Number of protein chains: 2
Amino acid sequence: MFDMEPEVLERFTLYMREQSALTVMFHARVAEQMGLSATDEKCLDLAMRAEGPLTAGRIAELSGLSTGAVTGVIDRLERAGYVRRVRDPHDRRKVLVEVAVGDVDKFGAPFEKARDSLVEVLGHFDDAELQVIERYLQLQNETFRKRVIDT
Amino acid sequence: MFDMEPEVLERFTLYMREQSALTVMFHARVAEQMGLSATDEKCLDLAMRAEGPLTAGRIAELSGLSTGAVTGVIDRLERAGYVRRVRDPHDRRKVLVEVAVGDVDKFGAPFEKARDSLVEVLGHFDDAELQVIERYLQLQNETFRKRVIDT
DNA sequence: TCGAACATCTTAGCGAGTAAGACAATTCCT
DNA sequence: AGGAATTGTCTTACTCGCTAAGATGTTCGA
């Protein structure tokens with residue numbers, strides 16, 4: 001680790017805080033547009049980003065909600081058509097939450113706009129610069145993930 | 001706008017989504033450590049990032065909460081010692097919410113760790129690369145801000 | 001096979017949110 | 001200047017989603 005101009009760190013800290021606040025707002029907007037609460041959208045995001053279907057209990061763990069609360073979340077997501085409850089055939093106590101693939105574009109829509117923004121931003125950089133940015137994003141996520149998880 | 005390899009965009013989209021999810025989790029952790037709800041922490045963040053003290057009504061606008069809800073938020077923040085209510089001497093209807101400067105480090109602490117992470121990440125780049133990253137963050141925030149606000 | 005462990009759902013109670021109106025201070029208009 | 005309209009915050013009544021604890025149904029191990 002080498003040392004850095006204090007003003008530089010100061011500026012970057014401000015960027016991060018603004019980014020942070022904007023992200024929280026963005027999530028709120030996405031949820032609103034989808035007719036969901038922030039909690040419901042967060043759980044749906046977990047389900048979408050997972051490899052296979054998640055169980056209700058796993059969603060409770062990942063989201064930090066009680067199992068009872070998750071029951072309600074899945075009820076609302078299912079009623080809105082975003083997910084389906086499927087009993088695990090190998091262990092019928094479990095409830096698998098499958099994302100309703102038929103309507104992927106329904107909740108994909110708000111993210112389309114974010115994608116457009118991303119394209120617009122990245123368009124200002126050449127290949128070499130994009131590599132720097134990519135390396136930064138990877139490192140940032142990795143470091144931040146450790147920080148958030150062990151904190 | 002020039003076109004870009006689809007896989008590149010794909011990868012960047014994933015970085016953004018992960019960053020997004022991590023940010024939301026991070027905010028939840030910070031709030032938890034401070035003994036506040038996510039909403040209260042969000043409002044405190046608004047108050048801290050503002051130039052001068054904000055009025056209760058302005059916090060309602062910025063946070064998207066009703067004025068009644070903000071009354072509750074300020075009650076809790078004040079009871080916990082994070083802010084003070086001060087009546088505006090020029091317009092005594094208004095309530096100015098001053099951040100309790102004496103205890104800045106109290107709520108600064110969780111952000112210290114984030115700052116450490118940032119230093120660690122930035123330490124992997126030289127000056128030229130940092131300039132690229134800075135330009136990226138500026139553009140990203142600017143674009144995202146427009147997107148979030150007009151959406 | 002039976003009891004313990006497990007996964008989810010249900011219930012009761014609570015805290016925080018909204019909408020609407022009360023109250024106090026300020027501004028506007030004549 | 002003085003009363004009406006406006007503005008800023010707080011209060012009230014009600015709703016909704018959360019937690020904790022227990023109920024229900026399923027699986028596992030001795």
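These values consider heavy atoms only, across backbone and side chains, with no hydrogens, waters or symmetry-generated copies. Convention: sequence-line order gives letters A, B, ...; per-chain numbering from 1. Model, not experiment: these values are computed from the prediction.
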Contacting residues from residues 65-72 of chain B, given that a heavy atom lies under 4.0 angstrom of DNA chain D: B/Thr67, B/Gly68, B/Thr71
Between atom [atom1] in [X] and atom [atom2] in [N], what is the gap in whole Å?
| X | N | atom1 | atom2 | result |
| --- | --- | --- | --- | --- |
| A/His90 | C/dA7 | NE2 | P | 16 Å |
| A/Glu41 | D/dG17 | CD | P | 16 Å |
| B/Asp88 | D/dG8 | CG | P | 11 Å |
| A/Leu36 | D/dC16 | CG | P | 16 Å |
| B/Ile74 | D/dT11 | CD1 | C1' | 15 Å |
| B/Glu32 | D/dT19 | CD | P | 12 Å |
| B/Arg92 | C/dC23 | CZ | P | 18 Å |
| B/Lys94 | D/dC10 | NZ | C1' | 17 Å |

Could you pick out which residue, A/Asp91 or B/Arg85, lies toward the 5' side of DNA chain D when each is mapped onto its nearest nucleotide? B/Arg85
Of A/Gly64 and B/Gly57, the one whose closest nucleotide on DNA chain D sits nearer the 5' end is B/Gly57
With respect to the phosphate group of C/dC9, does any side-chain polar atom (N or O) of A/Arg87 fall under 4.0 Å of OP1 or OP2? no
Side-chain N or O of B/Thr39 less than 4.0 angstrom from OP1 or OP2 on C/dG17? yes
Donor-acceptor check, side chain of A/Gln19 to backbone of B/Leu137, threshold 3.5 angstrom: yes or no? no
Please state whether the rings of A/Tyr136 and B/Tyr136 are parallel, tilted or perpendicular, taking 30° and 60° as the class boundaries. perpendicular
Which of the following nucleotides, D/dG8, C/dA7, D/dC18, is nearest to the side chain of B/Arg93? D/dG8
Report the nucleotide, chosen from D/dT9, C/dT8, C/dG17, that has the shortest atom-to-atom distance to any side-chain atom of B/Arg76. C/dG17
Polar side chain donor-acceptor pair, A/Gln140 to B/Tyr15, under 3.5 angstrom: no
Please determine which of B/Asp40, B/Val83, B/Leu44, B/Thr39 meets the side-chain contact (heavy atoms from CB on, under 4.5 Å) test together with B/Arg76. B/Asp40
What distance do B/Phe125 atom CZ and B/Glu134 atom CD have between them, rounded to the nearest 0.5 Å? 13.5 Å
Closest non-hydrogen atoms of A/Thr23 and B/Ser20, given as atom of the first, atom of the second and distance, are CG2-OG, 3.5 Å
For a quick test of reading the model, state the closest non-hydrogen atom pair linking B/Lys42 to B/Ser63 and the distance between them. NZ-O, 3.5 Å
Using a 4.0 Å heavy-atom cut-off across all strands, classify A/Thr55 as base, sugar-phosphate, or nothing. sugar-phosphate
